[in-house]
Amino acid sequence: DMIGGYPNIRFLLTEDLALLQAVMHAGYEARYICAKETQIYTVPCPDIRSFIKQHHRWVNGGKALGWRAAAFVASSVALWMAILVSCITASWFMLVIVLAVRMIANIMLALPAYRELGIATAVLWLPLAEPFFLLVEFMMPFLGLQSKVEWKGQMLQNH
C-alpha cells in the first residue's frame, strides 16, 4: 500500500521482480525468510513446451536486473567456455575439475537452506540434477534473443 501496489509499478514480465524492485527503490528492505513454516510447493510445468515458455518469460523479465543479469550471463559463458575448451583439447581432467567446482558451488549454495528447511538429504539429488541445470543454463541466452513473450494467452514485451 505504501508504494501504491501493482498499478503504480512499471510493467515487467516478472511482476514479482517488479514489486521487489519498487519496494527496494522506495527505501524498504527485503528479507528472505528461510524457515520450515514458509516453504512453498509449486506444481511443475506439465510439459517441456510450458517449461520453455516459462523460462523464456523469466529470462526476458530478468533483464531488468541489469548488471546482476550480465554477471550471471558472464559466469554462464565462462562455464560453457571452460567446458568447450576442455572438450576441444580433450583435457578430461580439466572438464572434471570444472564440473566438480560447479557442483560443489551449487551444493554449498543450497545446503544451508536445505538444512533450515529440514530437507538436507535432498542435496544428494543435486549431482543427478546437474546435467539438467547445465542444459537449462545453456538454453537461457538463446531464449533471451526473442523479447516477445507469450504469457497467459497474450503476447507481451518488457518496456
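Everything numeric in this text was worked out from a predicted model, so none of it was measured. Computed over heavy atoms, backbone and side chain alike; hydrogens, waters and symmetry mates excluded.
Of the possible polar contacts, one joining the Asn60 side chain to the Gln146 backbone as a donor-acceptor pair under 3.5 Å is found. Formation of a donor-acceptor pair under 3.5 Å by the Lys63 side chain with backbone atoms of Ala70 is not found in this model. Under the 3.5 Å distance criterion, the side-chain polar atoms of Arg57 are left unmatched by any main-chain donor or acceptor of Val149.
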Inset, instruction - Carefully, step by step, assess Val136 and Phe51 under the rule side chain to side chain contact (heavy atoms under 4.5 Å, CB included). - result: CA-CA 10 Å; Val136 169; Phe51 178 84; 3.7 Å; yes

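Within the 4.5 Å cutoff, the side chain of Arg49 has heavy atoms near those of the Lys53 side chain. Met103 is not listed as a side-chain neighbour of Leu126, based on a closest heavy-atom distance of 4.5 Å or more. For the pair Arg102/Leu79, a side-chain contact is recorded, criterion being any heavy-atom separation below 4.5 Å from C-beta on. Val85 is not listed as a side-chain neighbour of Leu95, based on a closest heavy-atom distance of 4.5 Å or more.
Of all heavy-atom pairs spanning Gly62 and Leu17, the tightest one is CA-CD2, 4.4 Å. Of all heavy-atom pairs between Leu128 and Pro131, the closest is O-CD, 3.4 Å. When every heavy atom of Ala35 is checked against every heavy atom of Leu117, the shortest pair comes out as O-CD2, 3.3 Å. In this structure, Ala120 and Arg115 approach most closely via the heavy-atom pair CB-CG, 4.0 Å. The shortest heavy-atom contact between Ile3 and Ala26 is CG2-CB, 3.5 Å.
More than 12 heavy atoms of other residues, nucleotides or ligands sit less than 6.0 Å from atom CE of Met139. Met2 CE: 12 or fewer foreign heavy atoms inside a 6.0 Å radius.
Residues Phe132 and Val59 fall within the same hydrophobic cluster, defined by Ile, Leu, Val, Met, Phe, Trp and Tyr side chains chained together at heavy-atom separations under 4.5 Å. Leu143 and Leu13 fall into different hydrophobic clusters, where Ile, Leu, Val, Met, Phe, Trp and Tyr residues are linked whenever their side-chain heavy atoms come under 4.5 Å apart, directly or through other members. Under the 4.5 Å side-chain heavy-atom criterion for ILVMFWY residues, no single connected hydrophobic cluster contains both Trp67 and Met24.
The distance from atom NE2 of His56 to atom CG of Leu145, rounded to the nearest 0.5 Å, is 8.5 Å. Between Gln21 atom CD and Asp16 atom CG the span is 10.0 Å, to the nearest 0.5 Å. Interatomic distance, NE2 of His55 versus SG of Cys45, reported as 7.5 Å (0.5 Å rounding). In this structure, the separation between CD1 on Ile33 and CD on Gln39 is 13.5 Å, given to the nearest 0.5 Å. Put simply, CD1 on Ile119 and OG1 on Thr121 are 8.0 Å apart, with the number rounded to the nearest 0.5 Å. Cys34 contributes atom SG, which lies 5.5 Å from atom CD of Glu116 (distance to the nearest 0.5 angstrom).
Residue pairs meeting the ring pair (Phe, Tyr, Trp, His ring centres under 6.0 Å) criterion with at least one partner in residues 68-126, sequence neighbours excluded, are Trp80-Phe138.
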